[in-house]
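These numbers come from the heavy atoms of this one structure, side chains and all, not from hydrogens, waters or symmetry mates. Lettering of chains follows the sequences in order, A, B, ..., and the numbering in each one begins at 1.
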Amino acid sequence: MRWTQTLIPTLKEVPADAEIVSHQLLVRAGLVRKLAGGLYTFLPLGLRSLNKVAQIVREEMNRAGAIEVSMPCLQPPEIWQASGRYETMRDALCRVKDRAQKEWILGPTHEEVITTLAAGEMNSYKQFPKNFYQVGIKFRDEIRPRFGLMRAKEFIMKDAYSFDTTDAGAMESYKKMYDAYTRIFSRCGLQAFPVEADTGVIGGNHSHEFMVPAATGENDVVYCEKCGYAANIEKAISGVPRTAAREVGPEVEKFATPGVVTIEALSKAPYSVPANRQIKTLVYIADSQPVLILLRGDDQLNETKFMARTGAIAVRPADAKNAADQALFAALGAQPGSLGAVRNVPSDWKVYADERLQGANDMTTGANEDGYHFRNVSIERDIRVTAWFDLRTVTVGEPCAKCGGSLKIRRAIEVGHVFKLGTKYSEPLNATFLDENGQRHPSVMGCYGIGVTRTLQAVIEQGNDKDGVVWPVSVAPYQVCLTPLSVAPGSAPMELAEKLYAELTAAGIEVILDDRDERPGVKFKDSELVGFPIRVGIGEKSLAKGEVEIKPRSGAIQAVKIEAAASTVIEWVQSELKRLSPQAPVAA
RNA sequence: CGGGACGUGGCUCAGCCUGGUAGAGCGCUUGGUUUGGGACCAAGAUGUCGCAGGUUCAAAUCCUGUCGUCCCGACCA
């Protein structure tokens, strides 16, 4: 491709609406342009890189035995009602109406569609196992799209769905995808690692996310360097000890704490109750029902755990500023800051307590009377706890639950997610098969997603420097940029550039020839901004010495004899591709 | 949905407080000089100052509303 024949609108200045470096570079390097919030047009170079990620995904999915299909974006709401997600994912669904005012859903994911297909076509155990995948557009009504392609209203996703006859078979399918994902991200030059994850509204009972470490990521990952434990903070557990039991105190005692409405205030003089001897009482509304959540004063609630443990679909904290919620505080008898669960708790309210409080005594908590607290509280003696769960958020430095090592936390971008679904969709949508004995069973499913557009941006987020993008050769829009410093037809640099272009192209190398009549500085800066992995500089100066200049994007310029230029470039590209290919190939 | 910031030429921004002629740099067009790290000179084109009301003799500027964008939170595969 010649530079002048495509469209590469590079920008010197940082776009005002791009916050993180990968988003800035996507725009500055002329890869994408925004149409509206969360909606992007892919320009020629951006599309090339996107397609390369998609191609790597396809190759590895095929290698793992998955088969490609293509499903409609426009989906009937009926199948969403059947699975129950018409309600549970309601807020994330983009809905449209046709001329007859019939509602359609712009698919955010395709479990319902593929399961409907399987229900019709996969009726015998002899047809199993199968793993269907597609690469296509997904729609999410994101509350707040941000960071360019990272969280968009419309994006490209690879989604795969496996169907097995047994749980063990489903585990095997899961493992194949897990391995394929490892290979995919490795080939994209990404340092991605799997972590244990919550299953959210997708459902199922076993799940890993593939994370790319990045300060700008939207996820916190808890990990242990000693044993390799890693989990999304929404799921992570730790080995923190339970609250130390003390000698059982006397009766609960009320004491005045005028104006004290925070854990911190109570921990200071004259009260001096350490946060770890306080019980924090939160009022939540879970699926329209008020509940109390008890945590130790120095712990934070993990809402994802709360939802996962209780099965709640919609939860929110009661809001003292919300008139409707005031009735809840009135029922308890106090405002936030003086709440507790020792008395005044309506008998139909569930009280969930974090396991760290099990057996705790000599605790202090709100008295459900503004300006008063109780001390000498023994939680099992004085509080009606409906159920004990792990509800707290892990913090840095806590002991690993598996090995006792010190846990760390880092930010990361979620680029892939694998789920073992079980029969969550096959049962309601009647995806059943007959076994050898003529018995009908629901198929055992798994689902596996990769955010292709997000992966592309993650590659940039991980690969850049002050001059621009630093692409891995596997994902770069072009592998080589030929930069003749004179483009006059018939000039020596241009003649050689044309010759190298033909040779490299014939060898299967992807080349762009910068045939713009621009000054050298402009061409060098642009090639670095766009980030082509290798640049061949062809100017009168080096030609006079019988040489060209080969400059890897992240390495030093080297002078190479003209005769050796093409072979040097070819070898370099091939060795880079080999370096990015996974060490241990998986058998098909 | 709550909090905050911002909407001025294709891009980045100034001007607004204190109302009165719409500006700069980059980019673009033309000509010339340049030509190994984002050149220089000259000439030029490009704006209903997001939109709608209001105040005023007069509004980019003040007021109200609205739409959009970005950030934080909430929320979220």
Enquirer: Does the Lys NZ or Arg CZ of A:R95 fall within the cation-pi geometry relative to A:Y86 - under 6.0 Å from the ring centre and within 45° of the axis?
Expert: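 Pair A:R95/A:Y86 counts as cation-pi.
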Enquirer: Counting any heavy atom closer than 4.0 Å, what does A:Y448 reach on the DNA or RNA strands: base, sugar-phosphate only, or nothing?
Expert: nothing
Enquirer: A:R519 side chain: which of B:G37, B:U34, B:G38 is closest?
Expert: B:U34
Enquirer: Could you work out the separation of B:C16 and B:A22 based on their C1' atoms and round it to a whole Å?
Expert: 12 Å
Enquirer: What nucleotide, of B:A39, B:G38, B:U69, holds the atom closest to the side chain of A:D526?
Expert: B:G38
Enquirer: Taking only side-chain N and O atoms of A:K34, does any of them lie within less than 4.0 angstrom of OP1 or OP2 on B:U69?
Expert: no
Enquirer: Check whether more than 12 heavy atoms from other residues, nucleotides or ligands sit under 6.0 Å from atom CD of A:E218, and answer yes or no.
Expert: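 Counting other residues, nucleotides and ligands, CD of A:E218 exceeds 12 neighbours.
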Enquirer: Run the side chain to side chain contact (heavy atoms under 4.5 Å, CB included) check on A:N219 and A:M211 step by step: do they pass?
Expert: CA-CA 9 Å; A:N219 300 273; A:M211 294 289 194; 3.6 Å; yes
Enquirer: Side chain of A:I143, heavy atoms from C-beta onward: which of B:C76, B:C75, B:U69 has the nearest atom to it?
Expert: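 From the listed options, B:C75 comes nearest.
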Enquirer: Any base atoms under 4.0 Å from A:P108, or only sugar-phosphate, or nothing? Heavy atoms, all strands.
Expert: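 Base contact - A:P108 has a heavy atom under 4.0 Å of at least one base atom.
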Enquirer: Taking atom P in both B:U55 and B:U30, what distance in whole Å separates the two?
Expert: 49 Å
Enquirer: In a table with atom names and distances, give each donor-acceptor pair under 3.5 Å that connects a side chain of residues 34-44 of chain A to protein atoms at least two apart or in another chain.
Expert:
from	atom 1	to	atom 2	distance (Å)
A:K34	NZ	A:D17	OD2	2.7
A:Y40	OH	A:H23	NE2	3.3

Enquirer: Given atom NZ of A:K305 and atom P of B:C76, what is their separation to the nearest angstrom?
Expert: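 Roughly 17 Å, once rounded to whole Å.
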Enquirer: Remember a base hit wins even if backbone is also touched, and classify A:R28 as base, sugar-phosphate or nothing at under 4.0 Å, heavy atoms.
Expert: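 The residue A:R28 makes base contact.
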Enquirer: Answer with yes or no whether the side chains of A:E111 and A:T109 bring together a donor and an acceptor at under 3.5 Å.
Expert: yes
Enquirer: I'd like to know if the side chain of A:R28 reaches the main chain of A:L11, judged simply by a donor and an acceptor atom lying under 3.5 Å from each other, with no hydrogens or angles considered.
Expert: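 Side chain of A:R28 to backbone of A:L11, a donor-acceptor pair under 3.5 Å: yes, one is there.
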Enquirer: B:G31 pairs with which nucleotide, Watson-Crick or G-U wobble, both distances below 3.5 Å?
Expert: B:C41
Enquirer: Mind checking the P distance from B:U12 to B:G27? Whole angstroms is fine.
Expert: 15 Å
Enquirer: For A:E540 and A:H417, take the nucleotide of RNA chain B holding the closest heavy atom to each; which residue's nucleotide lies nearer the 5' end?
Expert: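 The residue whose closest nucleotide sits nearer the 5' end is A:E540.
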Enquirer: Nucleotide by nucleotide, 5' to 3', does protein get under 4.0 Å of the base (B), only the sugar-phosphate (S), or neither (-) in nucleotides 40-46 of chain B, counting heavy atoms?
Expert: -------
Enquirer: Does the structure show a Watson-Crick or G-U wobble partner for B:G23, both distances under 3.5 Å? Name it, or say none.
Expert: B:C13
Enquirer: Would you indicate, yes or no, if B:C1 has its OP1 or OP2 atom less than 4.0 angstrom from a side-chain nitrogen or oxygen of A:R316?
Expert: no
Enquirer: Whole angstrom is fine here: how far is it from CG in A:D141 over to P in B:C1?
Expert: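 One finds 11 Å between P of B:C1 and CG of A:D141, rounded.
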Enquirer: Does the side chain of A:M157 reach to within under 4.5 Å of the side chain of A:Q134, using non-hydrogen atoms?
Expert: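 Not in contact.
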Enquirer: From B:A39, B:G73, B:G37, pick the nucleotide closest to the side chain of A:V522?
Expert: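 Nearest listed nucleotide: B:A39.
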Enquirer: Under the side chain to side chain contact (heavy atoms under 4.5 Å, CB included) rule, what do A:R33 and A:V27 come out as? Steps first, then yes or no, please.
Expert: CA-CA 6 Å; A:R33 285 293 183 268; A:V27 179; 3.5 Å; yes
Enquirer: Expressed in whole Å, how much space separates the P atoms belonging to B:A24 and B:A43?
Expert: 13 Å
Enquirer: Suppose you measure atom C1' in B:C49 against the same atom in B:G23; what distance do you get, rounded to whole Å?
Expert: 12 Å
Enquirer: Write down the distance between CG (A:L39) and P (B:C70), rounded to a whole number of angstrom.
Expert: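 Atom-to-atom, A:L39 to B:C70, this comes out as 10 Å.
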Enquirer: Would you classify A:E234 as touching base, sugar-phosphate or nothing, given that sugar-phosphate means primed atoms plus P, OP1 and OP2, and contacts are heavy atoms under 4.0 Å?
Expert: nothing
Enquirer: I'd like the C1' distance from B:C17 over to B:A74, given in whole Å.
Expert: 35 Å
Enquirer: Using a cut-off of 4.0 Å on non-hydrogen atoms, how would the nucleic acid contact of A:S486 be classed: base, sugar-phosphate, or nothing?
Expert: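 It contacts nothing in the nucleic acid.
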Enquirer: Under 3.5 Å, side chain of A:S426 to main-chain N/O of A:P442, donor-acceptor pair present?
Expert: no
Enquirer: A:D220 CG to B:C76 P: how many Å, rounded?
Expert: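 Taking CG of A:D220 and P of B:C76, I get 17 Å after rounding.
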Enquirer: Write out all pairs satisfying salt bridge (charged side-chain N to carboxylate O under 4.0 Å, His left out) with one or both partners inside residues 521-532 of chain A, taking only residues at least two apart or from two chains.
Expert: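 Salt bridge (charged side-chain N to carboxylate O under 4.0 Å, His left out) check on residues 521-532 of chain A returns A:R516-A:D526, A:E528-A:R535.
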Enquirer: Before accepting this row, confirm whether a basic side-chain N of the pair A:K305/A:D390 lies closer than 4.0 Å to the acidic partner's carboxylate O.
Expert: yes
Enquirer: For B:U69, which nucleotide in any strand shown is its Watson-Crick or wobble partner with both distances under 3.5 Å?
Expert: B:A5
Enquirer: Take A:M157 and A:G521, find for each the nucleotide of RNA chain B with the closest heavy atom, and name the residue whose nucleotide sits nearer the 5' end.
Expert: A:G521
Enquirer: Below 3.5 Å, does any donor atom in the side chain of A:R535 face an acceptor in the base of B:G37, or the other way round?
Expert: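 For A:R535, whose side chain was compared with the base of B:G37, there is a donor-acceptor pair (under 3.5 Å).
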Enquirer: Would you kindly give the CD-to-P distance between A:E218 and B:A74, to the nearest whole Å?
Expert: 12 Å
Enquirer: Quick one: A:N302 CG to B:C76 P, roughly how many Å, whole number?
Expert: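 From A:N302 CG to B:C76 P: 12 Å.
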Enquirer: With 3.5 Å as the limit, what N/O pairs link the protein to nucleotides 8-11 of chain B?
Expert:
none

Enquirer: Test of understanding: with side chain to side chain contact (heavy atoms under 4.5 Å, CB included), list the residues that count as partners of A:L391, not counting sequence neighbours.
Expert: A:I293, A:L295, A:L301, A:F306, A:R309, A:Y352, A:D354, A:F389
Enquirer: Does the B:C71 base have a donor-acceptor partner in the side chain of A:R144 within less than 3.5 Å?
Expert: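 Absent.
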Enquirer: In whole Å, measure the gap between the C1' atoms of B:A5 and B:A39 for me.
Expert: 38 Å
Enquirer: A:R553 versus A:W471: any side-chain heavy-atom pair under 4.5 Å?
Expert: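 They are not in side-chain contact.
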Enquirer: Atom NZ of A:K12 to atom P of B:C26: distance rounded to whole Å?
Expert: 8 Å
Enquirer: Anything under 3.5 Å between a protein N or O and an N or O of nucleotides 28-30 of chain B, put it in a table, one pair a line.
Expert:
none

Enquirer: Expressed in whole Å, how much space separates the P atoms belonging to B:G3 and B:U8?
Expert: 24 Å
Enquirer: Just call it for A:G539: base, sugar-phosphate, or nothing, with non-hydrogen atoms closer than 4.0 Å on any strand.
Expert: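 Base contact.
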Enquirer: For the pair made of NZ in A:K153 and C1' in B:C75, what is the distance, rounded to whole Å?
Expert: 14 Å
Enquirer: Do A:R411 and A:D220 sit within salt-bridge range, that is, some charged N less than 4.0 Å from a carboxylate O?
Expert: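 Yes, this pair counts.
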Enquirer: Salt bridge or not between A:K175 and A:D179? Use side-chain N to carboxylate O under 4.0 Å.
Expert: yes
